[in-house]
Structures are given as structure tokens and as C-alpha cells.
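Starting from 1, each residue takes its place in the sequence as its number.
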Amino acid sequence: MAAKEIARISRPDPERFLRDYVRTRTPVIITDLFAGQPIDAIRTIEDASAAFGNVPMHVQTEYAVAASAPESAVETTMTFDEYWAHVRAHPDTALLCTEYEIPANIMRMFRLPDFCLADDLDRPEVLDMPRKYGDHDLCSNIFVANAGNRAHLHFDGDHRQVLLHQMFGRKQVLLFQPEACVDLRTTSGAPWSSGVYLERMSTAEQLDFIAEVGGYHAVLEPGETIYMPALIWHYLGYIDDAMSFNLRFKRNRYGRFLCVDNIHRDSYVQNLGSHLASDGDNPALTEAMPQIEAEYLRPAASLRDKVSGMRAALRRACEQALPQTEPARFCPPQLEQQELDKIIADIGQTARYLDPELTAKSRPTGPISPVQKQTIRNTAARLGYSDELLEHLLWNRLGKSDLDALSKTEAVQFMVYMRSPGGALR
């Protein structure tokens, strides 16, 4: 089959976007999502430097490089201009800014699209676990790196839909649906990482591989925004010195339950979660959830026992609801113990499989408190936010522009944001 180049469209109306792309798990490039907004004028490093050159960024060694040489891995803070000075002095650096929350000076330059808001606010959460990140469950980050840097082929475990906007420079994008996991040799890498190293292939070899496996490819140009369906495999290569930001949105109640906040990452979770993310009302999919919930609640002697039981429940769910993905091929029986070892290592010291009642008690509920409201207003004044800017940042960060409409959880999220290095106006 031929390699599929990702289609380009003008900004669609919300109904078309959800119907034609989100529901069908189809990636697409939107050429004018932020047309007419200040962010659309940032097309070069010089433009960005003039607009926010002194904005601080968290910089670290690229994941794959850090994993291969952990003793030399670096994490530090630099301003935007300091990072590019470092790149000029060290053109082959593996340092980059990845998954750093969008600073206020950049967040103020665009408006969150309305179709990013949640549409399931009236639905109960799985096992009654309160929403950890607020009603609209949003997340957003910036990415800055020099030409030649890349993100190894992987999938994200948060189960959100993704918009990635390219500010300057070009980025190569290679995508594969979750059901390609066997061809991507997932048992050769981490539970969320491919054993196929696209970065070691020529462009011709990459396109041949995409054609063979059935993937997508594109070069994202400045000013363009790509929609990447939840849980899709993605490889991103920096063709030029480049900068982008993402908006992660519309995670439904099944995604909030199955995400890495609660459950391990593997191909069974990825495939089931991908289809639930696009069609959370499909009975063939939702009827598989009670057995998974029951296994989640089942007492286990150890974390390994819990993960083993959950993998069995998830495998059965995929076999029942998604037989076309051939879940029996995801992990041969002789590799099951190896995969359990890798999953336990991936979980590490993070908290997974907690008692839902304890989880619920640990998360604040109810409307914003008077103390929280006053704290946000005082901090906003200290940081130099006007009332208009505060409303704008609340909308982009939480999907609400009225401070009085926030929940306690959302207030905590925003207070943490304001205390971050990027929260200040510089």
C-alpha cells in the first residue's frame, strides 16, 4: 500500500472536526487554526525572540539519548534566548524543551478553540473518581529543539486528543494507528515505545516502512496545526530549528480511568483506549468496561499480580470488542513475564492502582473557596496580570474565563501554574 500523506484543510467547524476526524481517528493538518491571532505572526526564531526571548523554559536531554546514557543526562532551566545561544555554541546538542507548560507570555497570544471543551460534564466518572484536572481536563505544553533533534516513536498515556501547532521551523511527523503495535515491535522496547528506530532510516526507507505498515506522514510547516488522535503512535523530527506547542483535550471518562494516572501502559490499554476515546458511546466497547473495573477493584497480593490480572482483563476486552486488531498477536505467551518486568519498571515509584475511595478523598471537591479566589487575585496582581489577561489565561488553561466558576481542583491547578517560572510576565 502507498504511504498516506496527511491531508490539509482550512479550519473546520466543530461538528465537522469531531465527526470527520475525532470520531474516525483520522489525523489532519489545519492550515489556519489560529489565523488572525498574535501567535500566527510568530514564524521565525527572530519573531519569537522579540516576543518572548526572556521566557524561562525547562530544558532536558532527549528521552532516548538520556535512556542510553543516563550518567550524562541534563535537566536545567534556560530562557528562550539562552537556549538558542547554547545551540549556536553546540549545534549537535541533544538538549531540548519538551512537555513544558506554555508560559503566560505565549499563552496570551492565542485562544483555546471552543471544540476543545469537554462535552461529558453530566456523566458520572468511572468508579466515582473525581476529575483530577478540572471539568475540561486540559493540558498544554511547548516544545523547542534544534534541527536534527527528534522524539522517538512512542505513544502518550494520557488518552487525550492532541493539537500540535508549529510556530517556526519545520517538523517531520510520522504516525501509526495503535493496532500497528505488532509491526512496531513494541515487545522490543518500553511498554509505550517502539522497537523500530525511524531516526536511523533514510527518508525513502521511512516512507517504505510507512507504506508497508500503513502509517501517515507529513512535514508540518510554520503556522500549521496537526490533529493527532488520542494514543496514536508518533515520531517527530526537527527538520529545522523549531518551536511548537500542543493542546491536549477532550479526554472522556474512560480515558481518565484508563490513563497513566491509574493504570499501566501497554498495547491492550492503548488499543481499547483509542477506540473509546473516539466513540465512548459504542456499546461494543463500553460493555467491556465492567470486567476491567472489577479487576481494578480486586485485591491483589502484589503490584505484579495486579498488573497481570489487568492485562488479562484488558486482553479479553480487546478480543471481545476489537477482534480486528488481533490482540492475541500483541504479546506472545513466552514474552509475558518479560513484559510484566518492563511494566513494573515503567511504573516505578508512581502511584497506580490506588483504592478509588482513597483517590477520591485525596482530591479537593466543590467550588473555589474564598481563600483560593483571593490568592489567585493577589498573585495575578503581583505578576502583572490585568483582569482581561487573567480571564484569557483561565480560559486557555482551564476552559473557563470566570474565576467564580472554578472548582477547588481547578483553582489549585491555576495557582500551581502561576507559581511556575513561566507564570510570570517577562
Side-chain angles (χ1 to χ4, degrees), residues 58 60-75 94 96 98-99 132 141 150-160 176 178 180-200 230-236 255-274 292 295-318 327-355 358-359:
H58 179 74
Q60 65 189 63
T61 304
E62 191 272 330
Y63 295 128
V65 175
S68 63
E71 69 284 352
S72 60
V74 173
E75 286 194 40
L96 74 170
T98 182
E99 297 183 338
K132 184 176 181 180
N141 302 284
R150 78 281 184 196
H152 177 69
L153 185 61
H154 67 286
F155 71 88
D156 300 326
D158 68 341
H159 292 237
R160 291 181 176 94
F176 302 88
C181 57
V182 174
D183 293 313
L184 300 182
R185 301 205 291 269
T186 53
T187 55
S188 298
W192 45 270
S193 179
S194 170
V196 174
Y197 286 82
L198 295 169
E199 53 267 44
R200 298 174 185 173
L231 293 153
I232 199 165
W233 289 97
H234 51 286
Y235 168 88
L236 303 171
R256 282 187 288 276
F257 172 62
L258 293 170
C259 76
V260 292
D261 287 339
N262 303 312
I263 290 176
H264 70 271
R265 294 181 281 190
D266 68 13
S267 295
Y268 304 115
V269 179
Q270 180 193 17
N271 276 268
L272 182 63
S274 169
I292 296 171
E295 182 59 34
Y296 184 94
L297 294 172
R298 180 184 68 84
S302 66
L303 178 59
R304 190 182 189 88
D305 179 48
K306 172 56 68 179
V307 172
S308 180
M310 284 296 292
R311 274 174 66 82
L314 289 159
R315 185 185 306 115
R316 288 193 298 271
C318 287
R329 299 178 62 227
F330 291 178
C331 179
Q334 65 270 24
L335 295 181
E336 181 63 19
Q337 295 307 311
Q338 167 194 293
E339 290 306 293
L340 285 173
D341 289 340
K342 291 193 294 186
I343 289 169
I344 298 301
D346 182 49
I347 291 175
Q349 300 302 310
T350 60
R352 315 275 175 95
Y353 296 109
L354 298 180
D355 183 322
L358 292 178
T359 299

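- In terms of modelled atom types and a separation under 3.5 Å, the side chain of Ser194 and the main chain of Leu184 share a donor-acceptor contact.
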request  = Check the pair Asn262 / Tyr296 against side-chain contact (heavy atoms from CB on, under 4.5 Å), numbers first and verdict last.
outcome  = CA-CA 9 Å; Asn262 303 312; Tyr296 184 94; 4.0 Å; yes
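- Atom CG of Leu258 sits about 15.5 Å away from atom OH of Tyr268, to the nearest 0.5 Å.
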task = Decide side-chain contact (heavy atoms from CB on, under 4.5 Å) for Asp266 and Lys342; before the verdict, give the C-alpha distance in whole Å, the side-chain angles of both, and the deciding distance to 0.1 Å.
result = CA-CA 10 Å; Asp266 68 13; Lys342 291 193 294 186; over 6 Å; no
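- With salt bridges taken as basic N to acidic carboxylate O contacts below 4.0 Å, one links Glu336 and Arg315.
- The closest donor-acceptor contact from the side chain of Gln338 to the backbone of Thr187 lies under 3.5 Å.
- Within a 6.0 Å sphere centred on CD of Gln349, other residues, nucleotides and ligands contribute 12 heavy atoms or fewer.
- The side-chain heavy atoms of Met310 and Val269, taken from C-beta on, include no pair separated by under 4.5 Å.
- For the residue pair Ile292 and Ala317, the shortest heavy atom distance occurs at CD1-CB, 3.9 Å.
- With values rounded to the nearest 0.5 angstrom, Ile343 atom CD1 is found 6.5 Å from Glu339 atom CD.
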request  = Please lay out, stage by stage, how Val307 and Tyr353 fare under the test side-chain contact (heavy atoms from CB on, under 4.5 Å).
outcome  = CA-CA 9 Å; Val307 172; Tyr353 296 109; 4.0 Å; yes
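- Contact check for Gln337 versus Arg304: side-chain heavy atoms found under the 4.5 Å cut-off.
- Atoms CG and CG, on Leu340 and Asp305 in that order, are 10.0 Å from each other to the nearest 0.5 Å.
- Interatomic distance, Leu96 CG to Gln60 CD, rounded to the nearest 0.5 Å: 6.5 Å.
- Of all heavy-atom pairs spanning Gly195 and Ser188, the tightest one is CA-CB, 4.1 Å.
- Contact detail for Asp183 and Val196: the closest heavy-atom pair is O-CG2, 3.8 Å.
- Residues Glu62 and His152 share a closest heavy-atom pair of OE2-N, 3.9 Å.
- Looking only at side-chain heavy atoms (C-beta outward), Leu153 and Phe176 come within less than 4.5 Å of each other.
- In this structure, the ring of Phe155 has its center less than 6.0 angstrom from the ring center of Trp233.
- Rounded to the nearest 0.5 angstrom, Leu231 CG and Asp158 CG are separated by 7.5 Å.
- Proximity of Asn271 to Cys181: side-chain heavy atoms (C-beta onward) are separated by under 4.5 Å at one or more points.
- Distance check: His154 NE2 to Leu236 CG gives 7.0 Å after rounding to the nearest 0.5 Å.
- Using a 4.5 Å heavy-atom threshold, the side chains of His264 and Lys306 count as separate.
- Between Arg352 and Ile263, the shortest heavy-atom contact is NH1-O, 3.4 Å.
- Between Arg265 and Gly157, the shortest heavy-atom contact is CD-CA, 4.0 Å.
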